[in-house]
Chemist: 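The structure is given below, and queries will be raised subsequently.
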Amino acid sequence: MIGILSLVIIALIMVVGGKLYMRNKEKENLKNQRLAALMLRKEEPNATKVLFTSEGLHPGIGLPWTVGAKVTIDNDVFNMSLETDEISIINYGTDKKKMEKYAELRDKKNTSSTSLEVVYSNGEREVLQ
């Protein structure tokens, strides 16, 4: 009886501890997503929307936290990997026109104030001015 009770208590501790760990990890990822959106706003002033396609991860071994996102610039959607301080990868696939379009957009810096719609991985939305 004591053995079964001990197993139940251990299982409950593991479940509660696991939930707390995941909740803290989600909060950290959402905080990093917001930092990545602010970085994107600064680096890509023509961007009008960022949709995070994953929660983001910190793979370890010295690599920074990274998150996948679909970024809308001038009505074109680009698949990007964002960090909290830079755009690490832009995935064009095999579409050379998309690569040329992005280069063209990079040369045409927008000086006007455009808002950036942010859709976080948990579905929450925010507009950054």
Side-chain angles (χ1 to χ4, degrees):
M1 189 63 141
I2 293 174
I4 293 174
L5 185 59
S6 296
L7 287 175
V8 169
I9 290 172
I10 290 171
L12 284 173
I13 290 171
M14 290 178 66
V15 167
V16 170
K19 284 186 179 187
L20 288 173
Y21 171 79
M22 292 307 289
R23 189 175 304 137
N24 287 338
K25 187 174 178 182
E26 180 185 14
K27 283 182 183 178
E28 181 181 337
N29 283 334
L30 291 173
K31 182 184 94 176
N32 284 338
Q33 286 176 26
R34 188 167 197 286
L35 290 173
L38 290 169
M39 175 282 308
L40 178 69
R41 177 84 178 102
K42 184 175 121 184
E43 295 294 315
E44 291 294 343
N46 294 326
T48 55
K49 182 177 182 179
V50 58
L51 169 68
F52 291 105
T53 57
S54 67
E55 288 184 358
L57 59 98
H58 194 286
I61 61 172
L63 297 173
W65 179 90
T66 306
V67 66
K70 293 186 180 293
V71 178
T72 304
I73 304 172
D74 198 33
N75 295 320
D76 281 311
V77 178
F78 297 91
N79 291 317
M80 296 186 181
S81 292
L82 305 176
E83 296 173 9
T84 56
D85 59 352
E86 70 178 344
I87 299 169
S88 59
I89 298 173
I90 303 167
N91 182 1
Y92 305 106
T94 58
D95 191 347
K96 284 193 172 200
K97 288 184 181 185
K98 198 135 193 141
M99 187 184 319
E100 292 166 1
K101 176 72 173 181
Y102 184 75
E104 177 186 311
L105 290 170
R106 287 290 295 179
D107 292 339
K108 182 180 93 176
K109 287 286 186 187
N110 184 0
T111 56
S112 66
S113 178
T114 318
S115 60
L116 176 65
E117 179 185 2
V118 181
V119 182
Y120 296 101
S121 62
N122 67 355
E124 290 181 24
R125 295 174 177 266
E126 178 181 13
V127 177
L128 302 175
Q129 297 299 326

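We use all heavy atoms of the structure for the numbers below, so side chains are in, but hydrogens, waters and symmetry mates are not.
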Chemist: If two hydrophobic side chains count as joined below 4.5 Å and joins carry through other members, does Val50 share a cluster with Trp65?
Modeler: yes

Chemist: For residues Ser54 and Gly68, report the shortest heavy-atom separation together with the two atoms involved.
Modeler: OG-N, 3.4 Å

Chemist: Would you please test Lys70 and Thr72 for side-chain contact (heavy atoms from CB on, under 4.5 Å) and show each step?
Modeler: CA-CA 7 Å; Lys70 293 186 180 293; Thr72 304; over 6 Å; no

Chemist: When rounded to the nearest 0.5 angstrom, what is the spacing between CG in Asn46 and CG in Asn75?
Modeler: 11.5 Å

Chemist: Is there a path from Val77 to Ile90 through hydrophobic residues (I, L, V, M, F, W, Y) whose side chains come within less than 4.5 Å of each other?
Modeler: no

Chemist: Can you list the steps and then say if Glu28 with His58 is a side-chain contact (heavy atoms from CB on, under 4.5 Å)?
Modeler: CA-CA 11 Å; Glu28 181 181 337; His58 194 286; 5.9 Å; no

Chemist: Please determine whether residues Val119 and Val67 belong to a single hydrophobic cluster, defined as Ile, Leu, Val, Met, Phe, Trp and Tyr linked transitively by side-chain heavy-atom distances below 4.5 Å.
Modeler: no

Chemist: Please report the interatomic distance NZ(Lys97) to CD(Glu104), rounded to the nearest 0.5 Å.
Modeler: 12.5 Å

Chemist: Please round to the nearest 0.5 Å and tell me the distance separating atom OH of Tyr102 and atom CD1 of Ile73.
Modeler: 5.0 Å

Chemist: Under the 3.5 angstrom rule, does the side chain of Arg41 hit a backbone N or O of Ala47 as a donor-acceptor pair?
Modeler: no

Chemist: Check whether any side-chain N or O of Thr53 sits under 3.5 Å from a backbone N or O of Leu51 as a donor-acceptor pair, and report yes or no.
Modeler: no

Chemist: Calculate, to the nearest 0.5 Å, the distance between atoms CG and CG belonging to Asn122 and Leu30 respectively.
Modeler: 4.5 Å

Chemist: Mind listing the closest non-hydrogen atom pair of Gln33 and Ser121 along with its distance?
Modeler: NE2-OG, 2.9 Å

Chemist: Does the pair Asp95/Lys101 count as a salt bridge with the N-to-O cut at 4.0 Å?
Modeler: no

Chemist: Aromatic rings Tyr120 and Phe52: how do their planes relate, parallel, tilted or perpendicular, breaks at 30° and 60°?
Modeler: parallel

Chemist: Is there a side-chain contact between Glu44 and Val71, using heavy atoms and a 4.5 Å cut-off?
Modeler: no

Chemist: Is the backbone N or O of Leu35 less than 3.5 Å from a side-chain atom of Thr84, with the two atoms forming a donor-acceptor pair by type?
Modeler: no

Chemist: Measuring from Glu83:CD to Leu63:CG, what's the distance to the nearest 0.5 Å?
Modeler: 9.0 Å

Chemist: Given the rule in the side-chain contact (heavy atoms from CB on, under 4.5 Å) test, do Leu82 and Met39 qualify, once you have shown the distances and angles that lead to the verdict?
Modeler: CA-CA 9 Å; Leu82 305 176; Met39 175 282 308; 4.1 Å; yes

Chemist: How long is the gap from CE on Met80 to CG on Asn91, to the nearest 0.5 Å?
Modeler: 10.5 Å

Chemist: Is any side-chain heavy atom of Glu117 less than 4.5 Å from a side-chain heavy atom of Arg125?
Modeler: yes

